Number of protein chains: 2
Amino acid sequence: MADSAPVSTYPGQYCPLAKAAEMLGDRWTLLIVRDLLTGAHRFSEIARGLPGISPTLLAQRLRTLERHGIVERRRTGDARPEYWLTVVGQDLTPAVLGLGSWAARHFGHEPSPDEMSSSVLILWIERFLRAELLPSGREVARFDFTAPRRESRWLLIDRGEATACDEDPGRAPSLLVTTDLRTLHNVFAGRVSMRAALRDGSLRLDGEPEMVRAFPRWFGVSPFAEDTRVALRRGA
Amino acid sequence: MADSAPVSTYPGQYCPLAKAAEMLGDRWTLLIVRDLLTGAHRFSEIARGLPGISPTLLAQRLRTLERHGIVERRRTGDARPEYWLTVVGQDLTPAVLGLGSWAARHFGHEPSPDEMSSSVLILWIERFLRAELLPSGREVARFDFTAPRRESRWLLIDRGEATACDEDPGRAPSLLVTTDLRTLHNVFAGRVSMRAALRDGSLRLDGEPEMVRAFPRWFGVSPFAEDTRVALRRGA
DNA sequence: CAGTATCCTCGAGGATACTG
DNA sequence: CAGTATCCTCGAGGATACTG
């Protein structure tokens, strides 16, 4: 008696685009794919890059992606579970880049304060830096934000690997980056060059000379930075 | 006193992909863009291709797209309003094709009956047919579906233009296409060739010889048909 | 850390009728 | 045709606390 017909999101149309929208259109889903594409694999890592998502919801989204064959949950021994894109999921790369590029080209305005967080930004810096140019020893870089809130974030460097950190790791930093959130975000997004930010003093580097010299080299920009730059040139 | 801060969908992250997801992620939005890309411009035309959407919701989505500068509402004189993609909206083409292509390559299974509707299919046939190969006179093609429901749809042809129609237009058809919904959908989607469907009898053509001969030529397939074909070849 | 369980709210959107 | 107005439902997902 009960009509248990599974109501599809878009009834009456089997179209590949509708299928894609159905699988990726839920809130957060596309950003989860983005984070998996850029190197986040553990539950807490993904959650950290998505301020505002609840554990329940993230778990549910991951399960749905797994059911669709886009994500694979790996559990090796009693190690922590990891989430990896399947071949199908990896094949989303061009489409995801296309969407982001489109937005960067046309909606690359400066973010408002509530659209940025130092915690997420430091995570992105970790994800996109050029690891092969990182100092080889153990180092700590501290980022002191002067605005919109005075707060600090850290990047722990150890044998060519970097880890973003929201809490003081205790060790004395060998590099100090003093700036405001807007500036560092603009540099990351490709809206302002590191060189220009250093020149006008909106970004300042202090600490061991070797670290100061290396930072602009290993600091990486967003994958959409070039799109943003092109859009700015055209707009100006 | 009231905290009227506009809560953004993805707080704390200004990322082009998040921006794109925010603007296009709502249910129906991507399909509205798809329909505008493929030639629907009037309110009722768009609504017809989206079974299940309410007028209220479609109006709201169009307004939001307009606010974002993706869609432009045109009102010429006292003619009916039309909706057109702006340059920004048109620039979504590669990303939209990329998403659909991805889905076609990996999720090109045969649709279940509730994922198809003869009314939407006939609309798509109208949108993707090769108008330059259409008969030049006034003709009526009737599509008789034998399954899953016995029903008919019409395609009115007039001076190189075709109009899909759910009701009997009254004029006698000069072409009769007899098939089931699954078969015609498979042909449209690229899963089965018109030739094969004609050969095994799952699709039959009757009527004026000239019309019968021309139909397979002006019948167009989905933009994702090639992706589906490639996926099938690989899977088989 | 990697989630699950529970409760509860609120707003998206469905249904329907109506209007220029 | 191209929407708007109104009402109402229901389920997505937020908040919180808890568990292996």
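As the structure is a prediction and not an experimental result, all values here were calculated from the model. Quick note on labels: first sequence line is chain A, next is B, and so on, each numbered from 1.
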Closest to side chain of [X], choosing from [options]:
X       : options               : result
B:Ser54 : C:dG14, C:dT4, D:dG14 : C:dG14
A:Ser44 : C:dC1, D:dG3, D:dG13  : C:dC1
A:Phe43 : D:dG14, D:dG3, C:dG3  : C:dG3
B:Arg80 : D:dT4, D:dA2, C:dA2   : D:dA2
B:Pro81 : C:dG3, D:dA2, C:dG14  : D:dA2

What is the pairing partner of D:dA2, taking Watson-Crick or G-U wobble pairs with both distances under 3.5 Å in any strand?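 Per the H-bond distance test, C:dT19.
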Sort out the partner of C:dT9 for me: Watson-Crick or G-U wobble, both distances under 3.5 Å, none otherwise.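 Its partner is D:dA12.
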Hydrogens and angles aside, do A:Glu126 and A:Trp124 bring a side-chain donor and acceptor to less than 3.5 Å of each other?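 Looking only at side-chain atoms, A:Trp124 and A:Glu126 do not form any donor-acceptor pair under 3.5 Å.
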Looking only at the side chains, is there a donor atom on one of A:Glu72 and A:Thr86 sitting less than 3.5 Å from an acceptor on the other?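 No, no side-chain donor-acceptor contact under 3.5 Å.
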I need the [atom1]-[atom2] distance between [X] and [N], as an integer number of Å.
X       : N      : atom1 : atom2 : result
B:Ile53 : C:dG13 : CD1   : P     : 9 Å
B:Glu82 : D:dG3  : CD    : P     : 11 Å
B:Trp28 : C:dA12 : CH2   : P     : 17 Å
A:Gln60 : D:dG14 : CD    : C1'   : 12 Å
A:Leu57 : C:dA2  : CG    : C1'   : 15 Å
A:Ile32 : C:dG3  : CD1   : P     : 12 Å
A:Ile46 : C:dC1  : CD1   : C1'   : 13 Å
A:Tyr83 : C:dC1  : OH    : C1'   : 11 Å

Would you say [X] places a side-chain N or O within less than 4.0 Å of OP1 or OP2 belonging to [N]?
X       : N      : value
B:Arg27 : D:dA12 : no
A:Arg75 : C:dG3  : no
B:Arg48 : D:dA2  : no
B:Arg73 : D:dA2  : no
B:Arg42 : D:dA2  : yes

Identified side chain to side chain contact (heavy atoms under 4.5 Å, CB included) partner of B:Ile70 from the options B:Leu62, B:Thr29, B:Thr64, B:Leu65: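 Among B:Leu62, B:Thr29, B:Thr64, B:Leu65, the one meeting side chain to side chain contact (heavy atoms under 4.5 Å, CB included) with B:Ile70 is B:Leu65.
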Check whether the ring centres of A:Phe145 and A:His185 lie less than 6.0 Å apart, and answer yes or no.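 For A:Phe145 and A:His185, the ring centres are not under 6.0 Å apart.
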Aromatic ring pairing B:Tyr10/A:Trp28, orientation class (parallel under 30°, perpendicular over 60°, tilted between):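 It falls in the perpendicular class, over 60°.
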